[in-house]
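In what follows, every chain begins at residue 1, and chains take the letters A, B, ... in the order their sequences are listed.
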Amino acid sequence: MMARFVLVCWVTLAGLLASSAVAETTLSDPALERRARALMQEIRCVVCQSQSIGESDAMIAADMRRLIRERIEAGDSDREILDYLASRYGDFVLFRPPFKIETLALWLGPFAALALGACFVFLRRRSHAKPAGDLDESERRRVAELLEHGIGPQDAPGNGPTP
Amino acid sequence: MAMRRYLLYLLPTALAAIVMLVFAFGLMREDGPSFKPSAVIGTMSPELKLAGLNAGEAPLILKDYRGEIVVINFFASWCVPCRAEHPVLKQLAQMPGVRLIGIAYKDKPEDALAFLRELGDPFVATGSDMDGKAAIGFGITGVPETFILGRDGIIRHHVAGPLTKEVLEDEIAPIVAGLQA
């Protein structure tokens with residue numbers, strides 16, 4: 001009984017929150033509305049910068065949301081809508097900037113950094129990779145000597161005379 | 001060998017230092033990471049058709065002004081900087097050969113008209129952009145913003161923020177003079 005009451009409370013609360021988030025006219029076709037919502041996540045709010053227009057309460061973000069819905073209803077493709085907004089506000093308005101000369105470093109930079117890091121690791125490992133157990137004649141003699149007499153003062157690390 | 005190892009460590013350090021310098025300069029830039037509202041410069045102005053502010057006034061059709069140098073000012077009665085720039089706007093309206101058009105951004109026509117009655121109406125024509133769509137067409141982020149259009153309707157200049165005497169004399173006047181030539 002109690003669990004049921006709590007559940008009802010949660011559902012009511014969730015409903016209230018959801019209704020406050022969609023206080024504006026949505027598209028009647030759920031598929032189109034889904035497309036509009038997805039597009040809203042792709043566009044930066046031009047006065048708040050780190051929010052998408054889907055998240056922002058700014059006046060201009062609401063205007064852009066309305067514009068997107070109108071354009072979708074009029075049959076524009078997602079690409080056309082994004083291109084239109086980018087032509088007015090620049091590529092900055094897109095959270096996923098297009099791939100072109102100016103954005104080359106942006107798109108390829110991380111991969112270049114990864115490749116560079118891989119090179120570094122590879123070179124380092126190669127310089128460290130000494131084949132173990134492959135001793136030449138003099139080394140083998142030295143090992144035998146050490147096993148026989150133990151480590152002398154000249155061999156102990158850190159015991160040598162400091163220069 | 002030791003030298004090579006040394007270089008191997010130096011390389012990433014140097015790269016990291018370069019990247020840090022680039023970021024540091026980016027952070028210290030005067031204009032900050034803000035918008036460069038210049039995407040519309042050099043593009044054709046949107047085809048505007050807006051209801052006039054006055055009841056019974058003919059709608060504002062931007063295309064009708066083709067062949068003239070047009071300055072479009074987005075303003076609102078609720079916008080304090082618009083009030084501040086208004087004297088400069090009146091001065092701008094005196095420039096020979098310039099048609100100054102005012103668009104009330106997200107403002108009730110009666111409020112916009114009251115604003116103009118109080119401060120003076122420098123515009124040859126006005127339009128009402130209640131839903132802010134014309135503003136998005138010009139890529140504006142707030143009011144006031146001002147655009148200069150050439151005779152061909154192409155957007156030549158954009159001032160985001162209030163006009164000042166300096167902006168009028170140093171930016172707008174030379175551009176208008178260039179368009180008149």
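Atom CD1 of residue B:I136 and atom CZ of residue A:R88 lie 11.0 Å apart, to the nearest 0.5 angstrom.
In the hydrophobic clustering of ILVMFWY residues, with side-chain heavy atoms under 4.5 Å counting as a link, A:I68 and B:I140 come out together. B:L119 is not connected to B:V143 by any chain of hydrophobic side-chain contacts under 4.5 Å among Ile, Leu, Val, Met, Phe, Trp and Tyr, and they are in different clusters. The hydrophobic cluster containing B:V88 also contains B:F115, counting ILVMFWY residues as joined when their side-chain heavy atoms lie under 4.5 angstrom apart, directly or transitively. One hydrophobic cluster, built from ILVMFWY side chains closer than 4.5 Å, cannot hold both B:F147 and B:L92; they sit in different ones. One hydrophobic cluster, built from ILVMFWY side chains closer than 4.5 Å, holds both A:V93 and B:F138.
The two residues B:A135 and A:Y89 have their closest heavy-atom pair at O-OH, 4.0 Å. Counting all heavy atoms, side chain and backbone alike, B:A39 lies closest to A:G90 at CB-N, 3.2 Å.
Only the backbone of A:A86 comes within contact range of chain B, judged by heavy atoms closer than 4.5 Å. Contact annotation for B:L15: only side-chain heavy atoms (C-beta onward) come within less than 4.5 Å of a heavy atom of chain A. Contacts of A:L123 with chain B are made by both backbone and side-chain atoms, with heavy-atom separations under 4.5 Å.
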